[in-house]
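Please read the structure below before turning to the comments.
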Amino acid sequence: MPGTFTGMDDDLLDEATYDRVRTRDWLAGTDTQARGVGLSRRHLLRLAGALGLAAALPAVNGVSAAADTTGPIVKPLPPDLFNVFGSNAEMRWEAMRGQGYLVPIDRFFVRDHTRTVLVDAASWRLKVFGTGLRGAPTIDNAVEFSYQDLLDLPAESITAFVECAGNGRSFFGTQENQPAPGTPWRLGGVGVARWRGVRLGTVLRHAGLTDDAVDILPQGLDPDFVNAGVNLGPVRRPLPVRKALHDTLLAYQMNGQTLPPDHGFPVRLVVPGWVGISSIKWVGQIEVADTPLVSPFNTVLYRLFGPTYPADGTPITRQVVKSAFELPWNGTLASGQEHLLHGRSWSGNGPIRQVEVSTDGGRTWRCARPLGTTIERGWQRWTISWRPETPGAYTLRARATDVTNGTQPDAVPFNTGGYLFGAVADHPVTAT
Ligand SMILES: Nc1nc2c(c(=O)[nH]1)N[C@H]1C(S)=C(S)[C@@H](COP(=O)(O)O)O[C@H]1N2
Ligand SMILES: [Mo]
């Protein structure tokens, strides 16, 4: 029975016994417990190899070891669509020129802490457990949902952006002279898609959600994240039950297609308006607790630390207001001609009310013309015409204001993680 934690009577202080027992546990499917005692799948794979067990390795909750033989990201990353930083691929904004409201999958940004994992939907199970449920306090007696179970529940579609909390991070260095470590995104760590799936609330209720439930902790099936030599464990980040019930989706489709591996197949969370790390991919389990939950992904990472923040940091939830031009960085345009510039603005607070554009580095501003409708959890497309009279270097700026009057300042206070750069970004172009 997978629920039992074997080896309690073995002498676990002896390393060889410990390794053997834990490998047996893992092969028996008690990997979660194995993780709990600090053994990563990678470690176990190595161990199993040493013990000559490799041929017998089953997939753990559907994750196949074969994923280890590919690059970190599965889909093609052509240089005209992406800037690649290791396991992260940033969309080039010029790739949105001429596109519709949604970002097609072939150019949607990817942010993997380690790598994309390949999950076999047939053997995968979503395990829901915790003190906030009726009768499933631990993972051993979790309520399990198969892929088909989820497909059979009432489906819903939402259009929403997913944006990395670090989107815009490079501007802390280039505009504020205070570079922050981490992936140096410009503005392409964001994308809007049409997500289809089952409301997380529906799944939680089927699992026996009680009125006492406070927080949930969804966890990915990708490898443990090791940061500065410290193993932070699986990618997981708590979310209040309130947000989970409000508008969070457990998505299995993206833009009408089966969710691709890089974006979380078989299912991912989509937590509208919140920082991208909330939208956990390759979800394998969800803890539901009657007490607040934490993980290093909200206590150490994805938290604001810096001179203007309290010593224990400020947790981050919603994304800030941002704007981007659908133009190449350092691109060229012909002088003496009228150009119709296109761009998009978005905010974690709700719809965008107004977008202003400056083509003279911020001296004068004009209102952009909205294109199409505003979608609550998506972005606002806009256009503005511009005629650069003389050849030379220009700085384009776009500044949006949302329905809460949230807007884009000229600068934002530094934080050590380089998160939530919501100031106006200087977009350099050259008129020839
Ligand atoms: N399991 C898991 N979920 C994850 C991540 C991850 O590395 N592992 N990255 C998060 C981060 S930081 C972001 S910004 C989004 C990116 O989603 P995308 O790759 O589909 O664009 O996924 C989030 N969900
Ligand atoms: Mo992110």
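Just so it is clear, the values below take in all heavy atoms, side chains as well, and ignore hydrogens, waters and symmetry mates. Every number for a ligand or one of its atoms is a count from 1 in the order of the listing.
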Has H339 got more than 12 heavy atoms of other residues, nucleotides or ligands less than 6.0 Å from its NE2? yes

Which residue, T404, N405, D402, T407, forms the side chain to side chain donor-acceptor pair (under 3.5 Å) with R353? N405

Distance flag, aromatic centroids of W185 and F171, threshold under 6.0 Å: no

Please tabulate, line by line, the atom pairs linking an N/O of ligand 1 to a protein N/O at a distance below 3.5 Å, with the distance in Å to 0.1, or answer 'none'.
residue: ligand 1; atom: 1 (N); partner: D222; partner atom: OD1; Å: 2.9
residue: ligand 1; atom: 1 (N); partner: D222; partner atom: OD2; Å: 3.3
residue: ligand 1; atom: 1 (N); partner: K281; partner atom: O; Å: 3.0
residue: ligand 1; atom: 3 (N); partner: K281; partner atom: N; Å: 2.9
residue: ligand 1; atom: 7 (O); partner: H113; partner atom: N; Å: 2.7
residue: ligand 1; atom: 7 (O); partner: H113; partner atom: ND1; Å: 2.8
residue: ligand 1; atom: 8 (N); partner: D222; partner atom: OD2; Å: 2.6
residue: ligand 1; atom: 9 (N); partner: R111; partner atom: O; Å: 3.2
residue: ligand 1; atom: 17 (O); partner: R268; partner atom: NH2; Å: 3.0
residue: ligand 1; atom: 19 (O); partner: R111; partner atom: N; Å: 3.0
residue: ligand 1; atom: 19 (O); partner: K281; partner atom: NZ; Å: 2.5
residue: ligand 1; atom: 20 (O); partner: H263; partner atom: ND1; Å: 2.7
residue: ligand 1; atom: 20 (O); partner: R268; partner atom: NH1; Å: 2.7
residue: ligand 1; atom: 21 (O); partner: F109; partner atom: O; Å: 2.7
residue: ligand 1; atom: 22 (O); partner: R268; partner atom: NH2; Å: 3.4
residue: ligand 1; atom: 24 (N); partner: S279; partner atom: O; Å: 3.0

Output field: ring centroids W329/H427 closer than 6.0 Å: yes

Is D112 paired with K281 through a side-chain N to carboxylate O contact shorter than 4.0 Å? yes

When you measure from the centre of the six-membered ring of W365, is the NZ or CZ of R399 closer than 6.0 Å and no more than 45° off the axis? yes

